[in-house]
Visitor: 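Before anything else, here's the structure in question.
Naming: A, B, ... by sequence-line order, numbering from 1 per chain. Below, each value reflects all heavy atoms present in this structure, side chains not excepted, and no hydrogens, waters or symmetry copies.
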Amino acid sequence: MVLKIATWNVNSLNVRLPHVLQWLADAQPDILALQETKLIDEKFPQAEIEAAGYHSLFSGQKTYNGVAILSKQPGTDVIKDIPGLADDQRRVLAATYGEVRVLDLYVPNGESVASDKYQYKLDWLDKLIAFIKVELNRHPKLVVLGDFNIAPDERDVYDPLVWEGKVLCSEPERTALQDLLATGLHDSFRLFEQEEKQFSWWDYRMAAFRRNRGLRIDHVLLSTALRERCKRCYIDKAPRKWERPSDHTPVVVELMS
DNA sequence: ATGGCGCGCGCAGCGCGA
């Protein structure tokens with residue numbers, strides 16, 4: 001048996017619900033973590049998702065942010081905040097599915113390295129790392145996935161010179177991601193030999209997708225106990241080719257269960 | 001060299017994303 005787990009920043013679930021339902025039908029994931037739903041909980045399309053055979057957990061707000069986890073089996077032990085981080089922004093959702101703990105993240109973008117939002121991003125990542133140390137002790141079988149808004153290294157950037165030192169690629173952000181991995185997590189994409197120039201996000205402008213001018217900023221991180229069970233990690237570019245797509249596309253892992 | 005799109009909100013055009 002294979003457990004299929006995916007992450008997708010949908011850039012408005014209101015607009016992208018048909019895409020999500022289509023992708024659920026096509027890919028049949030066991031768990032799909034969403035980011036940027038941009039919906040208050042009262043407007044979450046729970047009935048439509050249930051009709052597709054999926055349970056849902058969600059933590060949303062108006063206009064911005066918002067995370068959700070869709071799953072074939074219901075989740076338990078739900079957390080909607082990093083403990084000790086009082087934050088109105090809905091960026092965190094954790095739940096347990098059988099023996100696997102899932103932590104869905106929408107990491108702050110940061111805007112630019114000179115921005116207050118960039119400092120907020122680095123502080124947020126510090127708090128996250130402290131939380132993950134605790135979470136890994138409680139749940140050795142941990143998946144941390146989502147939109148990290150960090151391209152881990154040069155392989156993850158279409159033109160490293162253009163992006164050098166810029167937000168999403170700056171050294172402090174990359175160091176924070178390395179510190180996060182050092183708690184005992186592994187970038188599932190890099191567990192395997194991969195083709196070059198594979199990305200999970202492409203700007204809507206400049207025909208960036210057609211020219212493959214993208215970044216790999218959406219990740220599925222696995223604890224050591226789950227790394228051994230990971231058979232595959234791939235980026236599914238198909239939804240990025242659909243009409244009116246999100247600028248991100250799903251990243252998928254398959255675990256032996 | 002710059003900006004170029006798409007979203008929500010709300011009804012014009014701006015803030016935001018990455």
Visitor: Check for me whether A:Arg232 meets the cation-pi criterion with A:Tyr234, that is, NZ or CZ under 6.0 Å from the six-membered ring centre and within 45 degrees of the ring axis.
Guide: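 Yes, a cation-pi geometry.
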Visitor: Side-chain donor-acceptor pair under 3.5 Å between A:Asn65 and A:Arg90, yes or no?
Guide: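 Distance-only check fails for A:Asn65 and A:Arg90.
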Visitor: If the P atom of B:dG15 is compared with that of B:dG4, how far apart are they to the nearest Å?
Guide: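 Looking at atom P only, B:dG15 and B:dG4 are 14 Å apart.
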Visitor: A:Gln89 pairs by side chain to side chain donor-acceptor pair (under 3.5 Å) with which of A:Tyr120, A:Trp124, A:Tyr64?
Guide: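 Single side chain to side chain donor-acceptor pair (under 3.5 Å) partner of A:Gln89 among A:Tyr120, A:Trp124, A:Tyr64: A:Tyr120.
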Visitor: Can you confirm if the NZ or CZ of A:Arg216 lies within 45° of the ring axis of A:Phe199 and under 6.0 Å from the centre of its six-membered ring?
Guide: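 Not satisfied by the 6.0 Å and 45° rule.
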Visitor: Could you give the distance separating B:dT2 and B:dC7 at their P atoms, to the nearest angstrom?
Guide: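 27 Å, rounded to whole Å.
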Visitor: Determine whether A:Ile49 and A:Trp8 fall in the same hydrophobic cluster, where Ile, Leu, Val, Met, Phe, Trp and Tyr are linked whenever their side-chain heavy atoms lie under 4.5 Å apart.
Guide: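 In one cluster: yes.
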Visitor: So A:Ile5 and A:Leu145, do their side chains get closer than 4.5 Å, heavy atoms only?
Guide: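 In contact.
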Visitor: Please tell me if A:Arg16 has a side-chain N or O lying less than 4.0 Å from either OP1 or OP2 of B:dC7.
Guide: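 So the side-chain polar atoms of A:Arg16 do come within 4.0 Å of the phosphate oxygens OP1 or OP2 of B:dC7, strictly under.
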Visitor: Taking the P atom of each, how far is B:dA1 from B:dC14, in whole Å?
Guide: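 B:dA1 and B:dC14 have their P atoms separated by 27 Å.
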Visitor: What is the separation between atom CD on A:Gln61 and atom P on B:dG8, rounded to the nearest whole Å?
Guide: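 So the two atoms are 14 Å apart, to the nearest Å.
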Visitor: Classify the side-chain pair A:Ser246/A:Arg16 by whether it contains a donor and acceptor separated by less than 3.5 Å.
Guide: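 There is no such pair between these side chains.
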Visitor: Please give the distance between the P atoms of B:dG10 and B:dC16 as a whole number of Å.
Guide: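 My reading of the P atoms in B:dG10 and B:dC16 gives 15 Å.
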Visitor: Mind checking the P distance from B:dC11 to B:dG6? Whole angstroms is fine.
Guide: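 Roughly 24 Å separates the two P atoms.
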Visitor: Could you encode protein contacts along nucleotides 11-18 of chain B as a string, one character per nucleotide from 5' to 3', using B for base contact, S for sugar-phosphate-only contact and - for no contact, with a heavy-atom cut-off of under 4.0 Å?
Guide: -----SBB
Visitor: For atom P, what is the distance between B:dA18 and B:dG8, given to the nearest Å?
Guide: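 The same atom, P, in both gives a distance of 14 Å.
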Visitor: For the pair A:Phe58 and A:Phe44, name the ring-plane relationship: parallel under 30°, tilted 30 to 60°, perpendicular over 60°.
Guide: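 Aromatic pair A:Phe58/A:Phe44 classed parallel.
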Visitor: Which part of the nucleic acid, if any, lies within contact of A:Lys166, taking any heavy atom under 4.0 Å across all strands shown: a base, the sugar-phosphate backbone alone, or nothing?
Guide: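 Nothing, no heavy atom under 4.0 Å.
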Visitor: List for me each residue that meets side chain to side chain donor-acceptor pair (under 3.5 Å) alongside A:Asn137, sequence neighbours excluded, and say none if there are none.
Guide: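 For A:Asn137 there are no side chain to side chain donor-acceptor pair (under 3.5 Å) partners, ignoring immediate neighbours.
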Visitor: Name all stems that contain residues of DNA chain B, defined as runs of 3 or more consecutive Watson-Crick or G-U wobble pairs, both distances under 3.5 Å.
Guide: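 Detected stem regions: B:5-9 with B:13-17.
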